[in-house]
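Here is the structure we will look at.
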Amino acid sequence: MTKRLIVIAGSTGVGKTDMSIKVANHLNAHILCGDSRQIYKEMTIGTAVPTKDDMATVPHHLFQFVSAKDRYNVGRYERDALLVLDDLFKRYDNALVVGGSGLYLDALCKGIDPLPEADHAMREEMLLLWHSLGGREILLKELQERDSELWDTIDKDNPIRVCRALEVCRLTGEPFSKIRRGKIIKRPFEIVKIGLRREREELYDRINTRVDLMFSEGLLEEAHSLLPLREYNALQTVGYRELFDYFDGNITLETAKELIKRNTRHYAKRQTTWFGGDKEISWFHPNDYDGVIDYIEKL
RNA sequence: GGUGCCAUAGCUCAGUUGGUAGAGCAAAGGACUGAAAAUCCUUGUGUCCCUAGUUCGAUUCUUGGUGGCACCA
């Protein structure tokens, strides 16, 4: 029998966890994390990882398994997720991946080109240059010389894009666009994409309520304990950055809370945009368990 | 009760020496290949509080209201 990976995607706060538990139970499947922040050990409340009860009901993989200090990335995620799936498919016919990180999910479903990992020293130096007077022009000029094909399409206002592309050119000695082919890798299993969505207003209400709940669960304390890790990418995350600003005395707690709500809404919107562009997704309301299970069974 | 100041986009405000107006935030749309909960791009018509006047023309000046704020009684 062919093995199947069921992807459950959707924006933050839409209700993916509940759906995934039900579907996993029904299919006798395990759940993988498809979220770029729930993988970190140190973060629990602010990333809304599934509860202990949830995890006890269905086996979960790739949740909170690396340290925020480990500088994890998409490439490692692709590899780790495939390893877990390889193992699971020896015993089960179905597996679920649940999350809201479009890039991570795409890497798992379609593969990602073998680009070199980041060179953090080089990156830091480039970003410093970017923000200095005339630095942007210097970097753009170098990129234009190294990769004329990319030049036409790259977002020249986006320092992270430009510096990353340049980084790859320097590290490999080849144009970035030559290595990043976007070739789709056929996986040795079937992929079924389920998208969850609800009315915008309803989603925003849920987000606001969830942020309040996070505070009552101790988000403030969690963020405070993570102050020593604030420079790591893992902590460049909604719910933590705003509180770091509060600890610095730049904003009030009330403002931080409002900003977390707002930034979570912004994040949810970006996710909506990403997933909306994926034509392979079949959409359901988060409460429509029967609909989802029906759909999967009739495939 | 008196005097002064204010009333412009969902919010905070700028501005028009009289020719019907624009920033920030919010909101909406979009991009996305090892930082992706990141990073970046696009989008601003609104009885310019109401009324009467002056004027070719008033959101702008004048009269009278209404509401808010401050000070004096």
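The sequence lines fix the lettering, A, B, ..., with proteins before strands; numbering per chain opens at 1.
- Contacts of A:Y240 with the nucleic acid, taken as non-hydrogen atoms under 4.0 Å apart, are absent.
- At a threshold of 4.0 angstrom between heavy atoms, the contacts of A:S101 are confined to the sugar-phosphate backbone, with no base atom among them.
- When distances run from any side-chain atom of A:R164 to the nucleotides B:A36, B:A35, B:G30, the shortest one goes to B:A35.
- Across A:L96 and A:L5, no two heavy atoms sit closer than the pair C-CD1, 4.1 Å.
- Cation-pi geometry between A:K3 and A:F89 is not met at under 6.0 angstrom from the ring centre and within 45 degrees of the axis.
- Within the 4.0 angstrom heavy-atom criterion, no nucleotide atom of any strand lies near A:E242.
- Within the 4.0 angstrom heavy-atom criterion, only backbone atoms of the sugar-phosphate kind lie near A:Q236; the bases stay farther away.
- Using a 4.0 Å heavy-atom cutoff across all strands shown, A:R262 reaches sugar-phosphate atoms only and no base atom.
- Taking the nucleotide of RNA chain B with the nearest heavy atom to each of A:N73 and A:H131, the more 5' of the two is matched to A:N73.
- No hydrogens or angles were tested; on distance alone, nothing pairs the side chain of A:R200 with the base of B:A28 as donor and acceptor under 3.5 Å.
- Taking the centre of each ring, A:H30 and A:H61 come in below the 6.0 Å mark.
- Donor-acceptor pairing under 3.5 Å, judged by distance alone, is absent between the side chain of A:R265 and the base of B:A27.
- Contacts of A:T264 with the nucleic acid, taken as non-hydrogen atoms under 4.0 Å apart, are absent.
- Here B:U42 sits opposite B:A28 as a Watson-Crick or G-U wobble pair (both hydrogen-bonding atom distances under 3.5 Å).
- In this structure, B:C71 and B:G2 make a Watson-Crick or G-U wobble pair, each of the two defining distances being under 3.5 angstrom.
- Each of A:M214 and A:K269 was assigned the nucleotide of RNA chain B with the nearest heavy atom; the assignment lying further toward the 5' end belongs to A:K269.
- Closest approach of A:C33 and A:I39 over heavy atoms only: SG-CG2, 3.9 Å.
- Taking atom C1' in both B:G24 and B:G64, the straight-line distance is 36 Å, to the nearest Å.
- Nucleic acid contact for A:D157: sugar-phosphate only, since backbone atoms but no base atoms lie under 4.0 Å from a heavy atom of the residue.
- Heavy atoms of A:Y40 sit nowhere under 4.0 angstrom from any nucleic acid atom.
- Remark: B:U12 base-pairs with B:A23; criterion is Watson-Crick or G-U wobble with both hydrogen-bond distances under 3.5 Å.
- Taking every side-chain heavy atom of A:T273 into account, B:C32 is the closest of B:C32, B:G34, B:C41.
- To the nearest whole angstrom, the two P atoms, one in B:C50 and one in B:G10, are 14 Å apart.
- Using a 4.0 Å heavy-atom cutoff across all strands shown, A:R241 reaches sugar-phosphate atoms only and no base atom.
- Closest heavy-atom contact between A:L27 and A:R4: CD2-NH2, 4.3 Å.
- Looking at heavy-atom distances under 4.0 Å, A:L127 makes contact with a base.
- Residue A:D106 is out of contact with every strand shown, counting any heavy-atom pair closer than 4.0 Å.
- Using a 4.0 Å heavy-atom distance criterion, A:G277 is classed as making no nucleic acid contact.
- The environment of A:E201 atom CD is sparse: at most 12 non-hydrogen atoms of other residues, nucleotides or ligands sit within 6.0 angstrom.
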